[in-house]
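Some notes on the structure that comes next.
Since this is a predicted model, take the numbers as computed values, not measurements.
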Protein chains: 2
Amino acid sequence: MAALALGPAADTVYGGDMDIIATRLSDFCHSCSVRNRAICGGLHDDEIALLNNIGRRRTLRAGEQLSWEGDEAVLVANVIDGVLKLSTLTSDGREQILGLSYSSDFLGRPFGQTTPYDVEALTDAQVCVFQRAEFDRFAREHPQLEHKLLERTLTELDRTRKWMLMLGRMNAEQKLASFLLELSSRLAPGDCSSDDDALQSIELPLSRQQIADVLGLTIETVSRQIAKFRRDGLIDAPSRRQVTILDREKLEDRAVC
Amino acid sequence: MAALALGPAADTVYGGDMDIIATRLSDFCHSCSVRNRAICGGLHDDEIALLNNIGRRRTLRAGEQLSWEGDEAVLVANVIDGVLKLSTLTSDGREQILGLSYSSDFLGRPFGQTTPYDVEALTDAQVCVFQRAEFDRFAREHPQLEHKLLERTLTELDRTRKWMLMLGRMNAEQKLASFLLELSSRLAPGDCSSDDDALQSIELPLSRQQIADVLGLTIETVSRQIAKFRRDGLIDAPSRRQVTILDREKLEDRAVC
DNA sequence: CGCGATATTGAGGCTGCTCAAGCCTTGTGG
DNA sequence: CCACAAGGCTTGAGCAGCCTCAATATCGCG
């Protein structure tokens, strides 16, 4: 189905014969922009080649879903480019976003039966997908990969817990300030979390409604807080999807944490 | 220092000569109540013996801390018995509990530099602690252990995300109902998450204040919600630290999720 | 230009917080 | 065994922050 369909690039590649496939896919990895930051970093060339055999590039359009909550977890993936959201619905139909995935993040639930949340591309995105069963087998045979995956999962757990703190204890102003600051550092090209190269001008990958879903607020509250930050000269918002941080220090004060 | 001091049992054990040490510690593992549920499950006997050489039993009194937020992460541990909390402080001094750890859970941050939260025993507890550096080395050499650790971390991440949903989207009533239900299943002797053997009578390991810190509420709100559940006949609360679930179904209705 | 989707702004209400007083439990000392 | 104190818990009153509902404005696309 849609979630499993290959992107045009992958289709082309699989049209050739076996040797060519390996070569071409290997080229994918060698030129991959997240090669050293994603979990594949640290693998030997021959391991990369093997991984290539089971991985496929896939291009997602903004709004497209990668897998569905509760489905048998058939896919895992590396994010190459773009921003994706992990989300789930409350029983009364509201959405809560559980996490955002950026370039070089790992997506999905290896060694599990079901995907516990929806994955949807917020921007146009490129991912490198694997059939879960194949990935699991490969990971078990390559401890170096499992180790990278473990480190990444531990980091993600730390990040999620920090987010919990935000949801549980911050007010609307603090939530929005934290959110903008985090976004400006996660969207920075290096992705390395050194705050120095954090962006001043952010192209928001989320609508107001989605920001509200991230922060556990309503769209109106988000809108009012943005308006307040503008009035106070902390940010500028030339268009709906753009934000410029004018006074990072004061914004950090508002974020508190 | 306090955090590193050995419990009396370990002191005794280390008093003997080398051969005896290994044997005695091995006995610890063989009789360990979480042997098959914790990450050590699936290790060979000789691996267990090696692990024994670097692990120590430690008994914690309720209220005692295991490591401190921001400290260099020197310890990791398995929870053998009892309930511990992971928590952090907001800059304005309120506490947010980030997670609870029960029997057979893994504690700490391997492969990281700092412990990103406080760990404190809520009840008297027994843990099996390792120096982080030694544990890291052992884990790198034993992929089977790393694999178990990865699975556990992934599960913990899923659980944390569900908790996030609760903090972001639930009202006080839903939060408390969910909390009581989760507690009754996590405290059940099997620990297996089959809801069948969930407890009806819970001995609360947390004070009202701590419950409030878990749920992102105030102590007054927690108290009022408990009073309401009692009035409505959903629970009984014979003493401050005891709760009996009288009508699980209706409680689940209140929890919504 | 005009329509639909998205966002902003306003008014009013409710949930949960704050502040405050009193109660119950537990432990200590006479 | 009782008196008292201290800490934890409950209950109440009032308030603030955020949500809800509603009207209006703006953006983006045909």
State whether Arg224(A) and Glu173(A) are salt-bridged, where the test is any N-O pair (Lys NZ or Arg NE/NH1/NH2 against Asp/Glu carboxylate O) under 4.0 Å.
-> no
In whole angstrom, what separates [X]'s [atom1] from [N]'s [atom2]?
X         : N       : atom1 : atom2 : value
Ile211(A) : dT6(C)  : CD1   : P     : 14 Å
Gln209(A) : dT8(C)  : CD    : C1'   : 14 Å
Ile219(A) : dC27(D) : CD1   : C1'   : 13 Å
Asn171(A) : dG16(C) : CG    : C1'   : 14 Å
Lys228(A) : dC18(D) : NZ    : C1'   : 13 Å

Flag side-chain contact, heavy atom, 4.5 Å: Arg248(A) against Leu181(A) =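 Yes, side chains in contact.
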Are Arg159(B) and Glu182(B) side-chain neighbours, meaning at least one heavy-atom pair lies under 4.5 Å?
->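 Yes, close enough: below the 4.5 Å cut-off.
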Which nucleotide in dA7(C), dG12(D), dT20(D) has an atom nearest any side-chain atom of Arg224(A) |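 Closest nucleotide among those given: dT20(D).
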Taking the side chain of Arg208(B) as its heavy atoms from C-beta onward, which of dT10(D), dT20(D), dT8(C) lies nearest to it?
-> dT10(D)
Thr218(A) side chain near dC19(D) phosphate (N/O to OP1/OP2, under 4.0 Å) | yes
Is there a side-chain polar atom (N or O) of Thr221(B) under 4.0 Å from OP1 or OP2 of dG16(C)?
->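 Answer no for this pair, as no side-chain N or O of Thr221(B) is under 4.0 Å from OP1 or OP2.
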Glu173(A) vs Glu220(A), nearer the 5' end of DNA chain D by closest nucleotide =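 Nearest nucleotide further toward 5': that of Glu173(A).
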When you match Arg241(A) and Gln225(A) each to their closest nucleotide on DNA chain D, which lands nearer the 5' end?
->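 Going by which nucleotide is closer to the 5' end, it is Gln225(A).
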Mind checking if [X] touches a base, just sugar-phosphate, or nothing, with heavy atoms under 4.0 Å?
X         : result
Arg240(B) : base
Ser239(A) : nothing
Leu217(A) : sugar-phosphate

Just checking, Arg161(A) and Tyr117(B): is the charged tip under 6.0 Å from the six-membered ring centre and within 45° of the axis?
-> yes
